[in-house]
Amino acid sequence: MSAPEEVRPEPADEDTAAATPPRDGGGRCASGTAGPSFTPTGRDEPVAAGALAVLRQGVRASPELRRGIWWTIALACLGGAGRVAIPVLVQQVLDRGLTDGGANLGTVQSLALMAGVAVVATAVVTRVTQKRLVAASEEALCALRVKAFAHVHRLSIAHQSAEYRGRLVSRVTSDVETLSVFLKWGGIAWIVNGAIMLATLVAMAVYDLRITAVLVGVMVPLALVLRLLQRRLGDAHDLVRSTVGDLLTVVSETAQGAAVVRAYAIERRTDRRVLRAIARWREARIRAGVIGAFLFTSGELFSVLAIGGVIVTGMVLGPGAGLTAGQLVAFVLLVHLFLEPVTEFTEIIDHTQSAIAGWRKVLDLLDIPIEVVDPDPGTPLAPSPPTLTVERLAYAYQSGQAPALEDVNFTVEAGSRVALVGATGSGKTTLAKLLTRLADPIEGRILVNGIDLRDVATESLRSRLVMVPQDGFLFDTTVKDNVALGRPSATDDEIRRVFADLGLDAWADRLPRGLDTRVGQRGENLSVGERQLVALARAHVADPVCLILDEATSSVDPATETRLSHALQALSEGRTSVTIAHRLATAERADEILVLDRGRLVERGPHRRLVVKDGVYARLHASWLDVTAGASGRR
Ligand SMILES: Nc1ncnc2c1ncn2[C@@H]1O[C@H](COP(=O)(O)OP(=O)(O)OP(=O)(O)O)[C@@H](O)[C@H]1O
């Protein structure tokens, strides 16, 4: 593995190309045109939305932040006023309590008491303000995470590809996290520090207008420098957020594909890819850090210049300036109070820009339109096997891209078993996803018992029409719990009966701890075929009236193959089923076969008829026979 230092970012390398799909005019497409209207990566570059616009949108997206905010601001300003009051009280003690005739004990005592009360009250008010801020920001952050997570789940399948997963994780986790410091401190500090500086300026101007004017004069260039740097810092933080997303994408993909990486001995290439992503992230952070550091030192530098300016002006004006001893001391304290927020501002700007960059990314995610809108209330489906009618169906993942499905028409009779076959990339999975409404067609419609799928009540759709995906995703819990996900109310006996119905009871009994065997992360303790067995049991316990099945493509051992095919047959009994058939036997057993070729339905009919035609199915069948013969020859 090469050292990270040797790695240099290569903007136009293969990985960038892989991680950044071509942009199509910002990823948007006109309404009614093909495909989703957003390309997640398309927005990962700094966008034009200004910081204030992001803040406004952000607060709108997190109403928790507005709750009681005026009280918090009022308390924060009260705390600020308390801090400004101390120098004024000190001045009063010096000028009114200590006169030429000696100390005026009564005045000193009452002023000292007032100062004491001011100090305690300021501390209490500041603590209450902090508590309110922390509570409001944690509530807002939690709600924002939940909202972003829920949004990710409702996104169309075009946004759910593995390529974007890392970025989506980054949006829900680290991008939201950038808001934390800003919401707990930075946001309110803008208001409080601004108020303290204003109040201090007024107090100083009352004591001496000339010295105050010098102080302001020194600070004006700093304001210009800060403004200039702030924009650059914003861009730098935007880049940091984008590179974090890219890094998570590469790392999650590499971790998920660890077996393939090892199998093909592509560790070095994979390492290089990860290191390149790390290098891009590191460089982006360094750039943001350098600008942030420059900002901070600028604040320090101008503070020193301001103090110097005040001292020199004081000396030039001399004793004839007309300032009392108390006013002089108060003035020095006020200068200190004025400069404290100035240096703090440089830090706040850094946090603010980082938060704005993160917020922008999260808001962009929430901005991705939900294309599959739940009907309200929607029509429930009858509890009997439905007839499926597909009319002029078309779908494209991206605008401008060749459609994955085009002008597809067919009917699946109630209770019949249909096999979907076709070469890889012919559109089988896309059709299955449209049949289960993971996305809506861009043209045409799907009818279930004459009801447009878009009008079917969501709960009814999910319980009556179930999809068993190819990878049969399992959660890191027991076999029983994974099956129970199909119907959480299912009892242990019912789950055992499901395995018996599918002829899988003997297999389940042979598992190390029967149905209580843990399946590991993503079900990795089980083989691909066994995972699908559990997924079939899960579908059976849900007791749907219509099944959309995607057979596992990986070759499985003969015993599991037999179990799978028996279980599939038992599962589709008395149900309308559409199975993406990757196996000869499944296609042969179906009542009807639909043959897809480059997104179009090119043949349909029973096996015996299609196999004798000189068409796509006959060729597929011939190649299956070859593969099967080769496999049995090897055995
Ligand atoms: N998330 C996606 N974004 C963009 N294009 C996609 C996406 N998923 C699939 N496609 C494209 O849509 C077309 C149909 O893909 P689909 O997965 O439906 O084919 P398939 O017949 O199921 O293939 P296989 O048998 O290999 O699973 C292909 O050209 C594919 O590249």
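Counting starts at 1 for both ligands and their atoms, in listed order. If you read the sequence from its start, that first residue is 1, and numbering goes on from there.
- Contact analysis leaves A432 out of contact with ligand 1, as no non-hydrogen atom separation drops below 4.0 angstrom.
- Ring centroids of Y617 and H607 are separated by less than 6.0 Å, placing the two rings close together.
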Using side chain to side chain contact (heavy atoms under 4.5 Å, CB included), reason through L547 and V468 one step at a time and then give a plain yes or no. CA-CA 8 Å; L547 272 167; V468 183; 4.2 Å; yes

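- Considering backbone and side-chain atoms alike, T429 places an N or O below 3.5 Å from some N or O of ligand 1.
- Put simply, the side chain of T586 never gets that close to the backbone of H582: no donor and acceptor are under 3.5 Å apart.
- Neither the backbone nor the side chain of A402 comes within contact range of ligand 1; no heavy atom lies under 4.0 Å.
- Annotation for ligand 1: atoms under 4.0 Å from non-hydrogen atoms of A423 are 21 (O).
- Proximity to T430 (heavy-atom distance under 4.0 Å) selects the following atoms of ligand 1: 14 (C), 15 (O), 16 (P), 18 (O).
- Contact record, L596 with V602: C-CG2, 4.4 Å, taken as the closest heavy-atom pair.
- Residue A404 has no nitrogen or oxygen atom sitting less than 3.5 Å from a nitrogen or oxygen atom of ligand 1, judged on distance alone.
- Ligand 1 lies less than 4.0 angstrom from a heavy atom belonging to G425.
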Walk me through it: do E443 and R392 pass the test salt bridge (Lys or Arg N to Asp or Glu O under 4.0 Å)? CA-CA 7 Å; E443 263 173 44; R392 294 176 295 98; 5.6 Å; no

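- The backbone N or O of L502 lies less than 3.5 Å from no partner atom in the side chain of H566, so there is not a single donor-acceptor pair.
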